[in-house]
Amino acid sequence: MKTMYLFGSAAPPVFQSAEVIASARERGWDVCLGLTPAAAEWLHDDLPGLEKLTGHPVRSRYKRPGEPDVWPRADVILFAPVTANSLSSWALCLTSNFVIGVVAEGIGKGIPVVAMPCVNAAYAAHRRVERSITELREMGVTVLYGDDGFVPNPPGERRPYPWDIALSAAEAAVRHGSPTTTP
C-alpha cells in the first residue's frame, strides 16, 4: 500500500478531512494527516477520530530530536487546502511549522508533491500569491490552481472544493513520477 501525507492549512475545506481520508483510503492509500497549527486548532475536537480513521497520529508539530518517526515514508504529499500564508511560507522556505518543513524538505528528497490552494479573490490579487505559486511550480511542485484546479472565489463566497482533482493528481504524480522525483 502506498502512503500519502495529506496536509492541510486553516481554510474551510480542512473541515472535510475525514471525508477526504476515507476517499483516499478507498483508492488504496495509507493516509497520514498533518495540519498547520491553526488547522489543528480548528479540528481539535475531531483529532481523536481522525487518528482512528488513519491509524496514525495526526501531526502538527515537529518531533523532538532523537524521537522515532511515527509515520511511514511518503510516496506522495498532497497539501490541500493551502492558504496564502502557507503558500508564501513554503515558497520562501520559512519552515517554522511542521507541515511547511516537510513539504519544503519533500522537494529536496524527491517526493512528488501536489498542492491545491484555497484563497479568495482578494488574497489572489496579492502578487506574492502568484509569485509563490510560480516559484513552487519551478521547483517541481504540481500546483492545482486556475482552470486545472482551484479557482479563487469572491471573499465570503464558498464553492465546492475540488478534492477529486487533488486526489487524482496525487495518484498521477506517483504513477508517472513528478518533476521532484529523482531517478
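As a basis for the values below, the full set of heavy atoms in this structure was taken, side chains included, without hydrogen atoms, waters or symmetry mates.
Hydrophobic clustering keeps Met1 apart from Leu53 (ILVMFWY residues linked when any side-chain heavy atoms are closer than 4.5 Å, directly or through intermediates). With hydrophobic clusters built from ILVMFWY side chains whose heavy atoms lie under 4.5 angstrom apart, Phe15 shares a cluster with Leu50. Hydrophobic clustering (side-chain heavy atoms under 4.5 Å, transitive across Ile, Leu, Val, Met, Phe, Trp, Tyr) keeps Val151 apart from Tyr123.
The shortest side-chain heavy-atom distance between Thr36 and Thr83 does not fall under the 4.5 Å cut-off. You'll find the side chain of Val119 reaches within 4.5 Å of the side chain of Tyr145, heavy atoms only. The shortest distance between side-chain heavy atoms of Phe79 and Ser9 falls below 4.5 Å. With contacts defined as side-chain heavy-atom distances shorter than 4.5 Å, the pair Ser23/Trp163 does not qualify. The shortest distance between side-chain heavy atoms of Ser168 and Ile165 does not fall below 4.5 Å.
Of all heavy-atom pairs between Val76 and Ala173, the closest is CG2-CB, 4.4 Å. Minimum interatomic distance between Tyr161 and Gln16 (heavy atoms only, all atoms of both residues): CB-OE1, 4.3 Å. Closest of all the heavy-atom pairs between Leu144 and Met116 is O-CG, 3.3 Å.
Using modelled atom types, one side-chain atom of Trp71 and one backbone atom of Pro57 make a donor-acceptor pair closer than 3.5 Å.
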How far apart are the C-alpha atoms of Arg59 and Asp69, what are their side-chain angles, what is the distance that settles it, and do they pass the salt bridge (charged side-chain N to carboxylate O under 4.0 Å, His left out) test? CA-CA 11 Å; Arg59 297 196 51 202; Asp69 287 331; 5.1 Å; no
As a quick check of understanding, evaluate salt bridge (charged side-chain N to carboxylate O under 4.0 Å, His left out) for Arg128 and Glu135, giving each step before the final call. CA-CA 10 Å; Arg128 182 72 245 167; Glu135 289 172 15; 3.1 Å; yes
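No option in Ile77, Val174, Asp75, Val31 other than Asp75 meets the side-chain contact (heavy atoms from CB on, under 4.5 Å) test with Thr3.
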Under 3.5 Å, sequence neighbours excluded: what are the donor-acceptor pairs made by side chains of residues 90-106?
| residue | atom | partner | partner atom | Å |
| --- | --- | --- | --- | --- |
| Asn97 | OD1 | Val99 | N | 3.1 |
| Asn97 | OD1 | Ile100 | N | 3.1 |

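Counting heavy-atom neighbours within 6.0 Å of Arg61 CZ, excluding the residue itself, gives a total of 12 or less.
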